[in-house]
Amino acid sequence: MLELSTFADRWTRPDQWPLIGALVSAALLAGAFGFELIGRYAPCPLCIEQRWAHAYVLAGGLITFAALHILKPANALFCRAASALIAVLAGFSAWVAGYHAGGEYGFWPLSCQAGDTTSLSVDALLSSLNTPTNVVLCDEPAWTLLGVSMAGYNVLISAAVMLISILVVFRKPYRSV
């Protein structure tokens, strides 16, 4: 039976961690799209920004993981730099989600625009008023669990990935399996 410490030791190696960080972001993206497509929770503009932040973590993790295993760099510095990249990208994701969650909880006002109307004519704008639309507000959580919104859970998970990434960067040298 695989012990938890062995499991954690294997997946927090600097040469493996970028893939794990990418998979966590992929899972969060899948959850966000699931809430939208299956649960019919339309995203606000800040939700879309959070998805882009996870797309960056996903792309950065997959690219660095592939580079680590295709190029096989001779030193551990590149492996640690890849984990540092995941820490920076996950930190950005946590910051975007934290800004959104803070606005949802009323800590600060959000300036959230639903769309750019500068190219619309007055006639087009007036005719669009007759069609029903679903306006999603950024400062009202669409879904909560135990009082925590989706943006709040995104902060917690992204911050955890960032902190683990920082620990991975500074962990003791590892041996190849």
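All figures in this text were calculated on a predicted structure; none of them were measured in a lab. When a residue number appears, it is its place in the shown sequence, counting from 1.
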Decide whether [X] and [Y] are clustered together by the hydrophobic rule: side chain heavy atoms of Ile, Leu, Val, Met, Phe, Trp, Tyr closer than 4.5 Å, transitively.
{"X": "W108", "Y": "Y105", "result": "yes"}
{"X": "F107", "Y": "L110", "result": "yes"}
{"X": "I63", "Y": "I86", "result": "no"}
{"X": "L163", "Y": "I157", "result": "no"}
{"X": "L85", "Y": "V168", "result": "no"}

Min side-chain heavy-atom separation [X]-[Y] under 4.5 Å:
{"X": "Q16", "Y": "F65", "value": "yes"}
{"X": "C47", "Y": "E36", "value": "no"}
{"X": "W17", "Y": "L167", "value": "no"}

Closest contact, heavy atoms only, [X] versus [Y]:
{"X": "V161", "Y": "A90", "value": "CG1-CB, 3.8 Å"}
{"X": "A151", "Y": "A97", "value": "O-CB, 3.7 Å"}
{"X": "L146", "Y": "Y153", "value": "CB-OH, 4.2 Å"}

Original post:
How are the rings of W95 and F92 set to each other: parallel, tilted or perpendicular (split at 30° and 60°)?
Top reply: parallel

Original post:
S93: what forms a side-chain hydrogen bond (donor to acceptor under 3.5 Å, both in side chains) with it, not counting sequence neighbours?
Top reply: H54, S158

Original post:
Is the CD1 atom of I38 crowded by more than 12 outside heavy atoms at less than 6.0 Å?
Top reply: no

How many angstroms lie between atom [atom1] of [X] and atom [atom2] of [Y], to the nearest 0.5 angstrom?
{"X": "E104", "Y": "L46", "atom1": "CD", "atom2": "CG", "answer": "8.5 Å"}
{"X": "I164", "Y": "S83", "atom1": "CD1", "atom2": "OG", "answer": "11.5 Å"}
{"X": "N154", "Y": "R51", "atom1": "CG", "atom2": "CZ", "answer": "10.5 Å"}
{"X": "T64", "Y": "H69", "atom1": "OG1", "atom2": "NE2", "answer": "9.0 Å"}
{"X": "L58", "Y": "Y56", "atom1": "CG", "atom2": "OH", "answer": "12.5 Å"}
{"X": "W52", "Y": "L29", "atom1": "CH2", "atom2": "CG", "answer": "10.0 Å"}

**OP:** Could you check V155 against Y99 for side chain to side chain contact (heavy atoms under 4.5 Å, CB included), going step by step and ending with a plain yes or no?
**Re:** CA-CA 9 Å; V155 172; Y99 175 71; over 6 Å; no

